[in-house]
Novice: 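Before I ask anything, here is the structure I am working with.
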There are 2 protein chains.
Amino acid sequence: MGRWEPGASGRLREAALALYLERGFEQTMVADIAERAGVTARTFFRYFGDKREVLFDGSSELEERSLAALEAAPATASALDAVSAALDAAAETIGDNRDLARARQRVITANASLRERELIKLTSMSAAVAGGLRQRGIGDAEASLAAETGIAVFRVAFERWVNAAEDRDFGDVIHETLTQLRTLTAAS
Amino acid sequence: MGRWEPGASGRLREAALALYLERGFEQTMVADIAERAGVTARTFFRYFGDKREVLFDGSSELEERSLAALEAAPATASALDAVSAALDAAAETIGDNRDLARARQRVITANASLRERELIKLTSMSAAVAGGLRQRGIGDAEASLAAETGIAVFRVAFERWVNAAEDRDFGDVIHETLTQLRTLTAAS
DNA sequence: CTATTGATGTCATCTGATGACATGGGATTG
DNA sequence: CAATCCCATGTCATCAGATGACATCAATAG
């Protein structure tokens, strides 16, 4: 391959997270990250579109797995049931390493522009889920509403799980949140 | 007051929206906006924190009015009812000029970084609504879930209203969406 | 051995953003 | 009326993020 140490993108990811944790996102310059990873800043931008994206690499994988679960749900499942299956898959993907999730989330929560990026990733996920629902024959309106609702549940559940004192299973927290949603909307 | 034509921030807002519509957001430089408004770029950044913020000025007013409606809701109202009242207020604030909303939305939808900014504004709104619900004695978990759900309804409803062929009342669309949500979550 | 390829470096440049300081017209005050 | 202050704005300098154009060099194919 190349003449340099392989795995540049991985090193950049690690270096970025470490530095963002040490000094904060804004206080970290791309040149610093690149230096720690043993490349130049120009190379950083070849791997990641911008300074924030380096923290959101896995999101496409998350989206793919969730979509796969959505498609695999039985045809008889309701819109919300299918969304629930997608959420389970998401939980399984993320739920393995809570420490990493927490570190990442600490960095993101501390910075507005990172929160922005996180939100748009979730929105992309929402759009994808809505598309998956439509392919299951669900109408446009119901599809987007169910997808948005699913994302809302995910957001709330993730925040609970990450900040929980005890070590809970992410999937359980999601189901609990979903149940709470049903209660909430049922009450008149 | 100053020695120059007053109303600089208003002129900057108008100039920005016009230019974003004409050439697109990224193709418009801050210096262009400033020039059209008769000030310098430095002045632009005195009024608006960044190039995107100029499109989101009214969001604080929207938040305030919605919060006021939330607080004004009867004490007996459920969490979702209170949220519904807040959404009504939001609809009333926005619903007057659909053309402006549509122009703004066209610009925002066309640009990823503007969509990011819009999302974080909605999240800020969500947090504020959750806070308002907590002040009504609703528990943390239920408050944030109800708020997030409300935002989801708002997003879906706004998108429908703005893109609708006919000229519908925004409040009506919101109620319709809310009803649909209840149906959705009720089905087992 | 030579050509090709692909990841990386180097250089130049643009734009967004921000701090420090200057300026001058209107408002205030004696 | 004149001295003075206030403050919105201008001017200047500088930095960091981002991107295009082109050079470079090791591995690998043929």
Side-chain angles (χ1 to χ4, degrees), chain A residues 1-57 107-108 110-118 120-121, chain B residues 1-57 107-108 110-118 120-121:
Chain A
M1 294 280 171
R3 82 199 102 150
W4 298 271
E5 208 59 29
S9 80
R11 294 201 309 278
L12 283 167
R13 257 192 299 276
E14 289 171 21
L17 178 58
L19 287 171
Y20 292 169
L21 279 169
E22 287 174 21
R23 334 177 176 167
F25 176 75
E26 285 173 348
Q27 285 67 45
T28 303
M29 285 167 297
V30 174
D32 301 333
I33 304 171
E35 190 186 9
R36 184 176 290 206
V39 295
T40 60
R42 190 66 184 83
T43 293
F44 178 94
F45 286 109
R46 286 206 177 88
Y47 281 102
F48 307 100
D50 61 47
K51 195 184 161 188
R52 295 172 276 170
E53 197 62 18
V54 67
L55 286 179
F56 297 93
D57 243 32
V107 173
I108 293 172
N111 183 274
S113 75
L114 287 173
R115 290 198 299 271
E116 289 184 348
R117 178 55 53 86
E118 183 183 40
I120 210 167
K121 293 292 182 186
Chain B
M1 292 280 169
R3 83 199 99 150
W4 298 272
E5 208 60 29
S9 81
R11 293 201 311 277
L12 284 166
R13 257 193 300 275
E14 288 171 21
L17 178 57
L19 287 171
Y20 292 168
L21 279 169
E22 287 173 21
R23 334 179 176 166
F25 176 75
E26 284 172 350
Q27 285 66 46
T28 303
M29 284 168 298
V30 175
D32 302 333
I33 304 171
E35 189 186 8
R36 183 176 290 208
V39 296
T40 61
R42 191 66 185 81
T43 293
F44 178 94
F45 286 110
R46 287 206 177 89
Y47 282 101
F48 308 101
D50 61 46
K51 195 184 161 187
R52 294 172 277 170
E53 197 63 17
V54 67
L55 286 180
F56 297 92
D57 243 32
V107 173
I108 293 173
N111 183 273
S113 75
L114 287 173
R115 290 198 299 270
E116 289 185 347
R117 178 55 52 88
E118 183 183 39
I120 210 167
K121 292 292 181 184

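Below, chains carry the letters A, B, ... as their sequence lines are ordered, and counting in each starts from 1. Heavy atoms only: backbone and side chains are in, while hydrogens, waters and symmetry mates are out.
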Novice: I want to check something: taking the side chain as every heavy atom from C-beta on, are B/R117 and B/D50 in contact at a cut-off of under 4.5 Å?
Specialist: yes
Novice: To the nearest 0.5 Å, what is the distance between OG1 on B/T43 and CD1 on B/I33?
Specialist: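 The OG1 atom of B/T43 sits 13.0 Å away from the CD1 atom of B/I33.
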Novice: Heavy atoms under 4.0 Å is the rule here; annotate nucleotides 14-19 of chain D 5' to 3' with B where the base is hit, S where only the sugar-phosphate is, and - elsewhere.
Specialist: --SSBB
Novice: Donor-acceptor check, side chain of B/R11 to backbone of B/V39, threshold 3.5 angstrom: yes or no?
Specialist: no
Novice: Any side-chain N or O of A/T43 below 4.0 angstrom from OP1/OP2 of C/dA7?
Specialist: no
Novice: Nearest-Å distance, CZ (B/R46) to C1' (D/dC7)?
Specialist: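 Those two atoms, CZ and C1', are 10 Å apart.
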Novice: Partners of B/R13 by salt bridge (Lys or Arg N to Asp or Glu O under 4.0 Å), sequence neighbours excluded?
Specialist: B/D57
Novice: Applying the side-chain hydrogen bond (donor to acceptor under 3.5 Å, both in side chains) criterion to B/E116, which one of A/R52, A/K121, A/R115 satisfies it?
Specialist: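 When A/R52, A/K121, A/R115 are each tested with B/E116, the side-chain hydrogen bond (donor to acceptor under 3.5 Å, both in side chains) holds only for A/R52.
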Novice: Is B/L114 close to B/F56 at the side-chain level, that is, under 4.5 Å between some pair of heavy atoms?
Specialist: yes
Novice: In whole angstrom, give the distance that lies between atom CD1 of B/I33 and atom P of C/dA17.
Specialist: 10 Å
Novice: For the pair made of CG in B/L114 and C1' in C/dG16, what is the distance, rounded to whole Å?
Specialist: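 Value for this atom pair: 14 Å.
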Novice: Considering just the side-chain nitrogens and oxygens of A/Y47, establish if one lies under 4.0 Å of OP1 or OP2 belonging to C/dA7.
Specialist: no
Novice: Has A/T40 got a side-chain N or O lying under 4.0 Å from the OP1 or OP2 atom of C/dG9?
Specialist: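 Affirmative; the distance criterion is met.
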